[in-house]
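Single-structure report; data block below.
Atoms considered below: every heavy atom in the structure, side chains included; atoms not considered: hydrogens, waters and symmetry mates.
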Amino acid sequence: MSEEVIKELEQRMAEIETLKSELWEQGQYDPMMEAEYWDCQIVIKQMKEGDQADVSDLEQKKHNGMIAAQQQIHKAAQEKK
């Protein structure tokens, strides 16, 4: 069961990476997709290492990624003006 879930999460992460590369420069990449990507990473780590796994580094990457996506959206909007 858990292997199936991990494979589904990995597949979703690959989908998000593809969309990110398509949408990033246009400023259309949704910060929530970035959050979803890192949430998948967190769940995979917890499934492999247990609920007490240290995911603080992944939480920080999630936070930084969401901010970067928001900044990219703002940058693209400014360039359109």
Looking only at non-hydrogen atoms, find the nearest pair between [X] and [Y] and report the distance.
X: G65; Y: E34; value: C-CG, 3.4 Å
X: Q46; Y: A53; value: CA-CB, 4.4 Å
X: I6; Y: M47; value: CG1-SD, 4.1 Å
X: Q26; Y: A76; value: O-CB, 3.5 Å

_Looking at K45 and D54, would you say the former's side chain and the latter's main chain have a donor-acceptor pair under 3.5 Å?_
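Side chain of K45 to backbone of D54: a pair is present.
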_Same cluster or not: M66 versus I16, using hydrophobic residues (I, L, V, M, F, W, Y) connected whenever any side-chain heavy atoms lie under 4.5 Å apart?_
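Different clusters: M66 never reaches I16 through Ile, Leu, Val, Met, Phe, Trp or Tyr contacts under 4.5 Å.
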*Establish whether I67 and I42 are linked, either directly or via other cluster members, by ILVMFWY side-chain heavy-atom contacts under 4.5 Å.*
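No, it is not one cluster - the side chains of I67 and I42 are not joined through contacts under 4.5 Å.
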*Any ion pair linking E10 and K7 (charged N to carboxylate O, less than 4.0 Å)?*
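No, this pair does not count.
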_Assess whether a salt bridge exists between E36 and R12, defined as any Lys/Arg side-chain N lying under 4.0 Å from an Asp/Glu carboxylate O._
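Salt bridge between E36 and R12, a charged N being under 4.0 Å from a carboxylate O: yes.
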*From Q70 CD over to M32 CE, what is the distance, rounded to the nearest 0.5 angstrom?*
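Nearest 0.5 Å value for the CD-CE distance: 9.5 Å.
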*How many angstroms lie between NZ in K62 and CG in D57, if you round to the nearest 0.5 Å?*
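Here the interatomic distance stands at 13.5 Å.
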_Heavy-atom count check: over 12 atoms from other residues, nucleotides or ligands less than 6.0 Å from Q52 CD?_
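Not buried by this count: 12 neighbours or fewer within 6.0 Å.
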*Answer yes or no: is there a side-chain heavy-atom contact under 4.5 Å between I44 and M13?*
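They are in side-chain contact.
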_Pairwise side-chain contact, I73 with Q28, heavy-atom cut-off 4.5 Å (strictly under)_ =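 Side-chain contact under 4.5 Å: no.
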*Using a distance-only test with no angle check, is there a side-chain donor-acceptor pair under 3.5 angstrom linking Y29 and Q72?*
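Distance-only check fails for Y29 and Q72.
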*Given the rule in the side-chain contact (heavy atoms from CB on, under 4.5 Å) test, do E49 and V55 qualify, once you have shown the distances and angles that lead to the verdict?*
CA-CA 10 Å; E49 298 178 17; V55 295; over 6 Å; no
*Among E17, K20, E15, find the one that has a side-chain hydrogen bond (donor to acceptor under 3.5 Å, both in side chains) with Y37.*
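Going through E17, K20, E15 one by one, the side-chain hydrogen bond (donor to acceptor under 3.5 Å, both in side chains) with Y37 is satisfied by E17 alone.
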